[in-house]
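Some notes on the structure that comes next.
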Amino acid sequence: METRPPATSPVPVGARFGVVDPATGEVFDEAPEQHPDELDAVVGRAHHAWLSWRADPPARAAAMLAAADAVEAAGDTLAPLLTREQGKPLAESYAEVARTAARLRHFADAFPAAEPLRDGRPVRSEIRWRPLGPVAAIVPWNFPLQLASAKFAPALAAGNTVVLKPSPYTPLATRLLASVMAAALPEGVLTVVTGREPLGARLAAHPGIRHVTFTGSPATGRAVARGAATSLARVTLELGGNDAAILLDDVDVERVAERLFWAAFRNCGQVCMAVKRVYVPARLHHDVVEALAHRARTTVVGPGLDPGTELGPLNNAAQLARIERRTADALAAGARAAAGGRRIDRPGYFHAPTILTGVPADSALVTEEQFGPVLPVLAYGHLDEAVEAANATGYGLGGSVWGTDPDRAGAVADRLECGTAWINHHAELSLAQPFSGVKESGVGVAGGRWGLYGNLRPFVVHCPEEEV
């Protein structure tokens with residue numbers, strides 16, 4: 001989930017808006033405030049570019065590989081800018097740039113060949129794949145480049161063009177990314193538009209857009225789907241998660257504590273598929289809390305550009321306020337902070353990594369996605385109780401089970417109501433695997449060939465055998 005700036009009044013042409021460094025809380029640069037009426041021209045150019053881009057898969061592959069090389073070469077420029085506007089440690093920004101280049105390479109030559117169909121009739125049938133047309137990609141602020149590439153790489157490989165709208169909290173690195181890639185891609189194939197609402201709503205509802213792919217909150221996702229429905233555009237929605245980690249009674253606490261901690265706190269907890277709740281057998285509860293609290297107390301929190309920083313700030317003031325409010329509500333309801341429990345008194349949007357115990361089961365920190373550096377650790381008496389509690393949420397993105405017997409852990413994981421379940425780790429995905437959720441975690445599939453086919457439509461050709 002992401003918080004979003006409020007809708008603005010009508011935007012004058014040529015307007016700009018400020019971009020804040022979350023490590024200082026101060027504006028450090030500006031980005032164009034695109035007038036919604038400019039979208040007609042942008043989508044028109046995307047459609048014009050699509051007519052030639054769709055026609056030559058080998059040329060597309062070559063262009064995408066060249067774009068990947070350009071992104072990789074620009075890492076020393078892209079990564080610091082990403083850290084400056086997003087807040088994450090610089091090493092994580094470099095990893096995000098590398099992942100962007102890797103995804104372009106992964107999908108570059110992935111366009112599927114025609115597939116013959118045989119059903120016993122004297123007819124030769126063949127499925128050929130065709131692109132959809134201009135795609136709108138609407139991206140949040142937690143992984144601006146990585147999530148952008150997760151949308152545009154398969155869309156471009158399928159022969160579509162893309163109009164990409166980053167979050168107004170993190171527009172700069174995305175604009176730079178598009179500029180870097182422009183040397184390899186034909187004009188109009190990938191266009192970035194920046195601005196606050198109603199720009200995203202207008203883009204999702206634009207009649208020239210044939211596929212809308214969005215990552216963000218369920219409430220905004222529903223609005224995006226309603227907008228896309230006006231032109232019957234396809235939608236792919238990744239709408240966040242409230243992932244549970246279940247520790248079994250045979251778990252080696254010290255062996256898994258480090259992995260479990262970073263599965264929850266990487267990117268300051270601002271990860272859709274991060275661990276957001278931990279269920280622990282009652283007899284191990286104290287040991288798990290202490291192991292996680294020790295790591296929370298000793299993790300180095302600071303500006304992402306500082307070399308020693310392990311955990312940066314939250315991305316924006318609204319998200320910090322949300323985390324403070326949720327934490328205060330839980331503490332007022334009887335929870336205890338084994339570590340953290342408060343914001344850090346310094347400029348910027350810093351909150352101490354927090355481990356909470358005794359959190360009521362109906363607390364918003366348990367039932368909803370907190371999207372920040374706060375982790376409730378909840379004791380259970382019987383394993384069935386833990387599985388039931390893990391599934392008792394409107395979300396269904398991911399989950400994990402931790403123990404020394406992989407087969408037993410796998411059997412428990414099979415009972416989780418989610419799109420992806422991990423054993424003894426969490427939130428790790430390969431470029432080849434599908435990623436999707438159930439319930440309020442989304443519609444459609446990203447990743448691997450499934451994400452590619454989400455950007456294509458089948459075209460069937462029939463020919464009687466005697467004509468062949």
Side-chain angles (χ1 to χ4, degrees), residues 1 142-143 146-147 150 215 218 236-253 255-267 269-281 284 288 292 361 365-371 375-380 382-451 454:
M1 175 195 168
N142 56 332
F143 290 94
Q146 189 167 312
L147 289 175
T215 298
T236 302
L237 308 174
E238 196 273 278
L239 305 180
N242 189 9
D243 292 13
I246 298 176
L247 276 58
L248 302 181
D249 55 12
D250 63 349
V251 71
D252 184 332
V253 175
R255 185 176 180 183
V256 305
E258 187 78 6
R259 273 175 283 163
L260 183 61
F261 179 84
W262 287 110
F265 287 92
R266 182 170 69 97
N267 199 30
Q270 300 166 127
V271 183
C272 293
M273 55 180 172
V275 169
K276 299 187 174 78
R277 302 170 286 155
V278 179
Y279 293 94
V280 184
L284 296 176
V288 171
L292 294 175
L365 273 175
V366 176
T367 62
E368 300 178 20
E369 181 184 32
Q370 67 268 38
F371 218 63
L375 182 66
V377 182
L378 305 120
Y380 70 83
H382 191 279
L383 181 57
D384 289 344
E385 299 171 10
V387 174
E388 182 179 354
N391 291 335
T393 174
Y395 291 98
L397 194 59
S400 56
V401 183
W402 306 65
T404 56
D405 182 344
D407 291 335
R408 182 185 177 214
V412 176
D414 197 46
R415 298 168 61 188
L416 297 179
E417 297 172 359
C418 57
T420 304
W422 294 271
I423 307 298
N424 289 327
H425 67 146
H426 197 105
E428 295 182 29
L429 295 172
S430 79
L431 297 176
Q433 76 185 73
F435 180 59
S436 64
V438 299
K439 299 187 280 189
E440 291 192 6
S441 283
V443 175
V445 182
R449 66 177 186 271
W450 300 269

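What you see is a predicted model; the values in this text were computed from it and never measured. We use all heavy atoms of the structure for the numbers below, so side chains are in, but hydrogens, waters and symmetry mates are not.
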Can a donor-acceptor pair be found, under 3.5 Å and without considering hydrogens, that links the side chain of [X] to the backbone of [Y]?
{"X": "D243", "Y": "G398", "value": "yes"}
{"X": "T404", "Y": "V251", "value": "no"}
{"X": "N424", "Y": "G403", "value": "yes"}

What's the shortest heavy-atom distance between [X] and [Y], and which atoms?
{"X": "A274", "Y": "A264", "answer": "CB-O, 4.0 Å"}
{"X": "S436", "Y": "G444", "answer": "CB-O, 3.3 Å"}
{"X": "A361", "Y": "V366", "answer": "O-CG1, 3.6 Å"}

With heavy-atom distances below 4.5 Å as the criterion, would you say the side chains of [X] and [Y] are in contact?
{"X": "M273", "Y": "T420", "answer": "no"}
{"X": "L248", "Y": "P281", "answer": "no"}
{"X": "T393", "Y": "R277", "answer": "yes"}
{"X": "E440", "Y": "L239", "answer": "no"}
{"X": "C272", "Y": "F371", "answer": "yes"}
{"X": "Y279", "Y": "V387", "answer": "no"}
{"X": "W402", "Y": "V288", "answer": "no"}
{"X": "L416", "Y": "I246", "answer": "yes"}

Got a second to check how far [X]'s [atom1] is from [Y]'s [atom2], nearest 0.5 Å?
{"X": "L237", "Y": "S441", "atom1": "CG", "atom2": "OG", "value": "11.5 Å"}
{"X": "N142", "Y": "R266", "atom1": "CG", "atom2": "CZ", "value": "9.5 Å"}
{"X": "N391", "Y": "K439", "atom1": "CG", "atom2": "NZ", "value": "5.5 Å"}
{"X": "L247", "Y": "L383", "atom1": "CG", "atom2": "CG", "value": "11.0 Å"}
{"X": "Q370", "Y": "K276", "atom1": "CD", "atom2": "NZ", "value": "6.5 Å"}

Across all chains, not counting sequence neighbours, the ring-ring contact (aromatic ring centres under 6.0 Å, His included) partners of F265 are F261

ring-ring contact (aromatic ring centres under 6.0 Å, His included) with F435: which residues, sequence neighbours excluded? none

What pairs with R449 under side-chain hydrogen bond (donor to acceptor under 3.5 Å, both in side chains), at least two apart in sequence or on another chain? none

Is it the case that atom CD in E388 sees more than 12 heavy atoms from other parts of the structure closer than 6.0 Å? no

Could you go through D250 and R408, starting from their C-alpha distance and side-chain angles, then the distance that decides it, and tell me whether this counts as side chain to side chain contact (heavy atoms under 4.5 Å, CB included)? CA-CA 10 Å; D250 63 349; R408 182 185 177 214; 3.8 Å; yes

